[in-house]
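To keep things clear, I will list the structure first and then write my remarks on it.
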Amino acid sequence: MPELPEVETVVRGLQPVMTGQTIAKVDVRRPDLRIPIPKDFARRLEGQQVAQVRRRAKYVLIELASGDTALAHLGMSGRIFIEPQNPEPPGKHDHIVFTMADGTQIRLNDPRRFGLVEIDRTDALDQHRFFVHLGPDPTGNGFNGPALAAALKGKKCAIKAALLDQRVVAGLGNIYISEALFESGISPKRLAGAVQGSRAEKLASAVQQVLARAIAAGGSSLRDYVQPSGELGYFQHQWAVYGREGEACPGCDCDIARTGGVQRIVQASRSTFYCSRRQR
DNA sequence: CGGCAAACCTGCGAGC
DNA sequence: TGCTCGCAGGTTTGCC
């Protein structure tokens, strides 16, 4: 489920319960995620103090005072829950349980097990195989119109497929790509290399705007980013086109009977939603 | 190298 | 009610 805004919301929810606290125990209940959990994962975390919790692309980073950083990717179905002291026993898909020194538990739950965790030296993270190929984070300074245009230059695939490529921009996923293309008025079928100049400017700012709105929704609709269930990172979404096949396009007042409203097509074997009248 | 399908897994909703 | 089918927010791999 999680794209960049959901991961950001998870991170903001973890910060108050982990920052400055000591991890008392790490229980790896199922090690066979997409990549097997490293054998020394629990040992390197237990007894260590958390210096900070942050995000890179769709990865959650838990930086320890020891100089190690644990990283987690939630894949398609990964979730993180915060449980108060004396919680219910862990469920079927709670693969990792972190218990903090004050008794608070953090659980990584992932039915499909497409997620992964890893631990590495903090000063070597930039060279880590997961990070070395990542493009700029769309919420950071390195992402803007000219940078996006340069990354897209010469690319022969559709713009939709190019934006799925984490080397171009790191953190976008299937949903927010549809949303950003809609916001910018660019057709998902447009040749990626043809998105240059003012079109690239427009797309870059649409990406920033769509993500900022989603992150704001994550923080505003919940108390401290935590739902009553203890779940982090999921909130009431308000997508303009994603999942709205056949509905009226919210951007134009066209006649649905004639235009078909929001269209669903398949690109790179993923669904894309768009308005063929508004997006060119 | 580029582009695409398949693979990794489980759960859920729709339709019969 | 219960079964089967199709689909799902990510990423890697292998094939042409």
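A quick note: this is a predicted structure, and the numbers were derived from the prediction, not measured. Values below: every heavy atom of this structure, side chains too, minus hydrogens, waters and symmetry copies. Naming: A, B, ... by sequence-line order, numbering from 1 per chain.
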- prompt: Between which nucleotides of DNA chain B, read 5' to 3', does contact with chain A run, using atoms under 4.0 Å from its heavy atoms?
  reply: dG3(B) to dG11(B)

Would you be so kind as to tabulate the donor-acceptor pairs closer than 3.5 Å made by side chains of residues 23-39 of chain A, with sequence neighbours excluded?
{"unit_1": "Arg29(A)", "atom_1": "NH1", "unit_2": "Gly91(A)", "atom_2": "O", "d": "3.1"}
{"unit_1": "Arg29(A)", "atom_1": "NH1", "unit_2": "Asp94(A)", "atom_2": "O", "d": "2.9"}
{"unit_1": "Arg30(A)", "atom_1": "NE", "unit_2": "Asp32(A)", "atom_2": "OD1", "d": "2.8"}
{"unit_1": "Arg30(A)", "atom_1": "NH2", "unit_2": "Asp32(A)", "atom_2": "OD2", "d": "2.8"}
{"unit_1": "Asp32(A)", "atom_1": "OD2", "unit_2": "Arg113(A)", "atom_2": "NH2", "d": "3.4"}
{"unit_1": "Arg34(A)", "atom_1": "NE", "unit_2": "Phe114(A)", "atom_2": "O", "d": "2.8"}

- request: Scan Tyr176(A) against the nucleic acid and name what it touches under 4.0 Å (heavy atoms): base, sugar-phosphate only, or nothing.
  value: nothing

Distance in angstrom units between His133(A) NE2 and dG10(C) C1', rounded: 17 Å

- line: Sorted by chain and number, sequence neighbours left out, ring-ring contact (aromatic ring centres under 6.0 Å, His included) with Phe81(A) holds for none

- prompt: Dot-bracket, DNA chain C: Watson-Crick or G-U, under 3.5 angstrom, [ ] crossing, | other strand?
  reply: .|||||||.|||||||

- prompt: For Arg264(A), what residues pass the salt bridge (Lys or Arg N to Asp or Glu O under 4.0 Å) criterion, not counting sequence neighbours?
  reply: none

field: Counterpart residues, salt bridge (Lys or Arg N to Asp or Glu O under 4.0 Å), relative to Arg54(A) (two or more places apart)
entry: Glu63(A)

message: Can you list everything that forms a side-chain contact (heavy atoms from CB on, under 4.5 Å) with Ala204(A)? Sequence neighbours excluded, please.
response: Phe143(A), Leu148(A)

- prompt: Are side-chain heavy atoms of Lys153(A) and Gln196(A) found at a separation under 4.5 Å?
  reply: yes

field: Pairs touching residues 127-141 of chain A that satisfy salt bridge (Lys or Arg N to Asp or Glu O under 4.0 Å), sequence neighbours left out
entry: Arg55(A)-Asp137(A), Glu118(A)-Arg129(A)

message: I need the full list of salt bridge (Lys or Arg N to Asp or Glu O under 4.0 Å) pairs touching residues 195-208 of chain A, with sequence neighbours left out, sorted by first then second residue.
response: none

query: Any idea how His93(A) and His95(A) line up, ring-wise: parallel (<30°), tilted (30 to 60°), or perpendicular (>60°)?
result: perpendicular

task: Give the ring-plane orientation class for Tyr59(A) versus Phe130(A), where under 30° counts as parallel, over 60° as perpendicular and anything between as tilted.
output: parallel

task: Between dC7(C) and dA5(B), how far apart are the P atoms? Round to whole Å, please.
output: 14 Å

- request: Among Ile, Leu, Val, Met, Phe, Trp and Tyr joined by side-chain contacts under 4.5 Å, find the other residues sharing a cluster with Ile265(A) and list them by chain and number.
  value: Tyr274(A)

I'd like a list of close polar pairs between nucleotides 11-15 of chain C and the protein, N/O only, cut-off under 3.5 Å.
{"unit_1": "dT11(C)", "atom_1": "OP1", "unit_2": "His73(A)", "atom_2": "NE2", "d": "2.5"}
{"unit_1": "dT11(C)", "atom_1": "OP2", "unit_2": "Lys58(A)", "atom_2": "NZ", "d": "2.8"}

- prompt: Which residues in residues 206-214 of chain A have at least one heavy atom lying under 4.0 Å from any atom of DNA chain B?
  reply: none

